[in-house]
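Let me begin by presenting the structure, written as structure tokens, before commenting on it.
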Amino acid sequence: QVQLEESGGGLVQAGGSLRLSCKVSGRTFTSHAVGWFRQAPGKERDFVGFIRWSGGDAVHADSVKGRFTVSRDNANYAVYLQMDSLKPEDTAVYYCASSSLKYPVTNYYLATRTYDYWGQGTQVTVSS
């Protein structure tokens, strides 16, 4: 069992910044990668970014590339999502998720099915 807890969401004006945190606990040694996803009402849960604990650069969705940055703190099993230049279109519930799978390519980590455990989500609202 792996537990994840997101924090840092809130209300921000367009152009502003937020930093989301994801704390991973439980059987942390089984976690290979952590992803960030977001979901607006009536829409699919979409990939935002992911990072492996073992190394390598984070991967970001085209929609957030250059504005959002995923980073990690291995010592504390924490993953962060720094969000800058926020737009109203970024409004959604943001989730972090842990994957125990070790795929040889990054493409698989863009899909929700790759992840075993999910946090409860944190609301991000960007006003225009």
Side-chain angles (χ1 to χ4, degrees):
Q1 176 84 304
V2 173
Q3 293 85 42
L4 304 100
E5 182 179 2
E6 305 96 338
S7 62
L11 175 64
V12 65
Q13 289 185 317
S17 297
L18 283 174
R19 186 177 188 244
L20 306 185
S21 297
C22 176
K23 305 296 184 182
V24 183
S25 60
R27 293 167 58 86
T28 56
F29 63 92
T30 66
S31 178
H32 178 66
V34 173
W36 285 98
F37 293 79
R38 63 186 182 184
Q39 187 169 26
K43 304 193 72 175
E44 293 184 337
R45 189 169 297 188
D46 290 332
F47 171 77
V48 176
F50 93 96
I51 194 165
R52 292 181 169 98
W53 296 109
S54 58
D57 294 336
V59 176
H60 304 90
D62 288 342
S63 59
V64 304
K65 196 170 298 181
R67 299 188 298 119
F68 292 10
T69 304
V70 177
S71 61
R72 64 176 185 263
D73 179 355
N74 288 37
N76 293 295
Y77 271 100
V79 177
Y80 306 99
L81 180 65
Q82 178 67 44
M83 304 186 295
D84 299 318
S85 301
L86 282 160
K87 305 175 181 179
E89 308 93 88
D90 297 318
T91 295
V93 176
Y94 283 71
Y95 299 89
C96 64
S98 173
S99 176
S100 64
L101 302 177
K102 297 180 180 180
Y103 287 114
V105 296
T106 61
N107 290 348
Y108 291 95
Y109 293 98
L110 312 187
T112 58
R113 63 180 178 272
T114 302
Y115 297 85
D116 306 293
Y117 300 99
W118 295 80
Q120 291 184 314
T122 185
Q123 177 71 47
V124 172
T125 303
V126 184
S127 62
S128 60

### Query
Cluster question for you: counting only ILVMFWY and a side-chain heavy-atom cut-off of under 4.5 Å, with indirect links fine, are V24 and Y109 together?
no
### Query
Okay, side chain of R72, backbone of R52: is any donor-acceptor separation there less than 3.5 Å?
yes
### Query
Hey, is CD on Q123 packed in by over 12 heavy atoms from elsewhere, all under 6.0 Å?
yes
### Query
Honestly curious: do V64 and L110 fall in one hydrophobic cluster under the side-chain, below-4.5 Å linking rule?
no
### Query
Can you find a pair of side-chain heavy atoms, one from V93 and one from T122, that are under 4.5 Å apart?
no
### Query
In the single-linkage hydrophobic clustering (I, L, V, M, F, W, Y; side-chain heavy atoms under 4.5 Å), do Y80 and M83 co-cluster?
no
### Task
With the side chain counted from C-beta on, respond yes when W118 and L4 share a heavy-atom pair under 4.5 Å apart, and no when they do not.
no
### Task
Could you walk me through whether H60 and V70 pass side chain to side chain contact (heavy atoms under 4.5 Å, CB included), step by step?
CA-CA 8 Å; H60 304 90; V70 177; 3.8 Å; yes
## Note on the structure
All heavy atoms of A92 vs all of A40, minimum pair found to be CB-N, 4.0 Å
#### Entry: Side-chain heavy atoms of R38 within contact of S63, under 4.5 Å
yes
### Task
Find out whether Q3 and K23 are in side-chain contact, i.e. whether some heavy atom of one side chain is under 4.5 Å from a heavy atom of the other.
no
### Task
Mind checking the OH-OG spacing from Y117 to S98? Nearest 0.5 Å is all I need.
8.5 Å
### Message
To the closest 0.5 Å, what do you measure between OG (S25) and CD (E5)?
### Response
8.0 Å
### Query
Is the distance between the ring centroids of W53 and Y77 less than 6.0 Å?
yes
### Task
Please check if L18 and V79 belong to a single hydrophobic cluster, counting links between Ile, Leu, Val, Met, Phe, Trp and Tyr side chain heavy atoms closer than 4.5 Å.
yes
#### Entry: Heavy-atom closest contact (G35 atom, F50 atom, distance)
CA-CB, 3.7 Å
### Query
If every non-hydrogen atom of A14 is compared with every non-hydrogen atom of S128, which pair is closest and at what distance?
CB-CA, 4.4 Å
### Task
For residues Q82 and S71, determine if any side-chain heavy atom of one lies less than 4.5 Å from a side-chain heavy atom of the other.
no
### Task
Flag the pair I51 / D57 as yes when at least one side-chain heavy-atom distance between them is below 4.5 Å, and no otherwise.
no
### Message
Measuring from atom CD of E6 to atom SG of C22, what distance do you get when rounded to the nearest 0.5 angstrom?
### Response
5.5 Å
### Nearest heavy-atom neighbours spanning Y115 and A33
CE2-O, 4.4 Å
### Task
With side chain to side chain contact (heavy atoms under 4.5 Å, CB included) as the test, would you mind laying out the steps for V48 and F68 before giving the verdict?
CA-CA 8 Å; V48 176; F68 292 10; 3.8 Å; yes
### Query
Just how far is it from atom OG of S7 to atom CD of Q120, taken to the nearest 0.5 Å?
12.5 Å
### Message
Centroid separation under 6.0 Å, is that true for the rings of Y95 and F37?
### Response
no
### Query
Under the side chain to side chain contact (heavy atoms under 4.5 Å, CB included) criterion, do T30 and V2 qualify, and how do the steps go?
CA-CA 8 Å; T30 66; V2 173; 3.4 Å; yes
### side chain to side chain contact (heavy atoms under 4.5 Å, CB included) assessment of S54 paired with H32
CA-CA 7 Å; S54 58; H32 178 66; 4.0 Å; yes
## Note on the structure
Nearest heavy-atom contact between R67 and D90 is NH1-OD2, 2.8 Å
Please tabulate, one pair per line, all N/O donor-acceptor pairs under 3.5 Å involving side-chain atoms of residues 99-107, not counting sequence neighbours.
unit_1, atom_1, unit_2, atom_2, d
S99, OG, L101, N, 3.2
S99, OG, T114, O, 2.8
S100, OG, D116, OD2, 2.6

### Task
Apply salt bridge (charged side-chain N to carboxylate O under 4.0 Å, His left out) to K65 and D62, showing your working.
CA-CA 5 Å; K65 196 170 298 181; D62 288 342; 3.3 Å; yes
